[in-house]
Amino acid sequence: MRVPDPNMPTIVKQFQNSGYPTFILTSRGQEYRYATLRELFRNGYNFAITAPQLGVGTSELWMPYESTTAHQQLGLSESAGFDQAELKSFKLNHPRLVNYTHGVFFTAGQHKGVLLRAFLRKANAKPKAIVFVDDNLKHCERVQTAFKYSDAEVITIHYTKLDPSVDAFENSDKRQVINEWEAFQSAYKARDKSKAEKLLVICDRKEAG
């Protein structure tokens, strides 16, 4: 992985050096934890130094809220400060396990607005203002909705610099990439180290290009 802008790690450090609690909220699940942390550190990020503390272990998983059946909705209301009208409007599915480690909150594809609010309650954090940056407009809108009646000032920024690259990928023919991935899996399972390494080199060259 690479940063979307070479100045981004420096900008993040400026926020951190100014004393602002700064952390990542990602849609990734905890199964991508080690790869994500590795790439963040490799690219010059360290969110652990100014991230909120939850008092949980680095490998601990927990449910962010109770199931939204009628008799369990109060669980989310108590844990994250939601009223019943909000719970109904969010149309939440059954919760999935989440993980928070080294300043990265792995939300497993769940509602980022709800998860951010539940996270802040768990961290006993009451910020006066929240700045949320995401490359998906949907997540920005969900954060605004979740904090609609909050006392905190919420600023969401839709980051669009990578939109052309994302659109090109979405519209591209992915058959070649799928074939290469399947070939790599086959070589890996067959313990053909030489073939697997060659396939990885091909992927690295394409990424560099």
Side-chain angles (χ1 to χ4, degrees), residues 1-12 15-16 20-45 47 50-52 61 63-65 68 76 80 82 86-123 125 127 129-150 152-174 177-178 207:
M1 297 175 63
R2 58 176 180 259
V3 295
D5 187 304
N7 296 319
M8 198 68 73
T10 300
I11 294 172
V12 170
F15 274 100
Q16 293 175 315
Y20 296 111
T22 308
F23 65 100
I24 287 183
L25 189 153
T26 175
S27 292
R28 297 182 183 191
Q30 62 87 25
E31 63 271 22
Y32 298 107
R33 179 176 54 194
Y34 297 114
T36 300
L37 293 174
R38 180 194 67 221
E39 292 303 295
L40 285 171
F41 292 146
R42 187 177 67 82
N43 282 287
Y45 293 111
F47 286 90
T50 56
L61 300 173
M63 288 294 184
Y65 56 85
T68 55
L76 177 55
F82 294 103
E86 288 178 302
L87 293 176
K88 184 176 181 180
S89 68
F90 292 140
K91 300 178 182 179
L92 301 176
N93 296 316
H94 292 290
R96 293 186 289 277
L97 289 169
V98 297
N99 174 265
Y100 178 69
T101 181
H102 296 289
V104 183
F105 186 27
F106 296 88
T107 65
Q110 299 174 90
H111 193 298
K112 282 191 174 181
V114 169
L115 270 287
L116 177 57
R117 194 160 151 184
F119 173 88
L120 293 175
R121 177 60 66 92
K122 190 176 182 69
I130 298 169
V131 178
F132 176 85
V133 183
D134 202 288
D135 64 351
N136 191 319
L137 181 60
K138 174 183 70 175
H139 297 314
C140 293
E141 293 173 341
R142 287 182 171 182
V143 168
Q144 287 286 351
T145 300
F147 287 87
K148 184 176 181 179
Y149 301 107
S150 170
E153 179 182 4
V154 179
I155 299 171
T156 55
I157 299 173
H158 181 206
Y159 186 81
T160 61
K161 181 176 180 179
L162 296 182
D163 281 3
S165 298
V166 173
D167 291 341
F169 173 78
E170 292 294 337
N171 296 322
S172 66
D173 181 6
K174 303 174 185 62
V177 176
I178 294 173
E207 178 67 18

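- By the 4.5 Å heavy-atom criterion applied to side chains, Tyr45 and Ile24 are not counted as neighbours.
- The heavy-atom pair separating Gly103 from Phe47 by the smallest distance is O-CB, 3.8 Å.
- Take Lys161 and apply the salt bridge (charged side-chain N to carboxylate O under 4.0 Å, His left out) test, not counting sequence neighbours, and it matches Asp5.
- With sequence neighbours left out, the side chain to side chain donor-acceptor pair (under 3.5 Å) criterion links Gln16 to Thr50.
- Two residues are said to be in side-chain contact when any heavy atoms from C-beta on lie closer than 4.5 Å; Leu116 and Val143 meet this criterion.
- For residues 132-143, the pairs satisfying side chain to side chain donor-acceptor pair (under 3.5 Å) are Lys112-Asp134, with sequence neighbours left out.
- Counting heavy atoms from C-beta on, the side chains of Ile130 and Glu153 never come closer than 4.5 Å.
- Under the rule for a side chain to side chain donor-acceptor pair (under 3.5 Å), the partners of Gln144 that lie at least two apart in sequence or sit in another chain are Thr156.
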Go through the steps for Thr145 and Phe90 under the test side chain to side chain contact (heavy atoms under 4.5 Å, CB included), then give the verdict. CA-CA 9 Å; Thr145 300; Phe90 292 140; 3.7 Å; yes
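- The CG atom of Asp163 lies 9.5 Å from the CG atom of Leu137; values are rounded to the nearest 0.5 Å.
- At least one donor-acceptor pair under 3.5 Å links the side chain of Gln110 to the backbone N or O of Arg96.
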Show, in sequence, the C-alpha distance, side-chain angles and deciding distance for Phe106 and Leu61, and conclude whether the side chain to side chain contact (heavy atoms under 4.5 Å, CB included) test is met. CA-CA 10 Å; Phe106 296 88; Leu61 300 173; over 6 Å; no
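- Other residues, nucleotides and ligands contribute more than 12 heavy atoms inside 6.0 Å of the CZ atom of Phe41.
- With rounding to the nearest 0.5 angstrom, the CD1 atom of Ile157 is 10.5 Å from the CZ atom of Phe132.
- Of all non-hydrogen atoms in Pro52 and Phe23, the two that sit nearest each other are CD-CD2, 3.5 Å.
- When the side chain to side chain contact (heavy atoms under 4.5 Å, CB included) test is applied to Ala35, the partners found at least two apart in sequence or on another chain are Arg38.
- Qualifying side chain to side chain contact (heavy atoms under 4.5 Å, CB included) partners for Glu39, counting only residues two or more places apart in sequence or in other chains: Met1, Arg42, Asn43.
- Pairing each heavy atom of Leu115 with each of Pro64, the nearest pair is CD1-CB, 3.4 Å.
- Arg33 and Thr101 form no side-chain donor-acceptor contact under 3.5 Å, judged by distance and modelled atom types alone.
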Can Phe119 and Leu25 be said to form a side chain to side chain contact (heavy atoms under 4.5 Å, CB included), step by step? CA-CA 10 Å; Phe119 173 88; Leu25 189 153; 5.7 Å; no
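- To the nearest 0.5 Å, the span separating CZ on Phe105 from CG on Leu120 amounts to 9.5 Å.
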Test side chain to side chain contact (heavy atoms under 4.5 Å, CB included) applied to Tyr159 and Met8, step by step: CA-CA 12 Å; Tyr159 186 81; Met8 198 68 73; 3.7 Å; yes
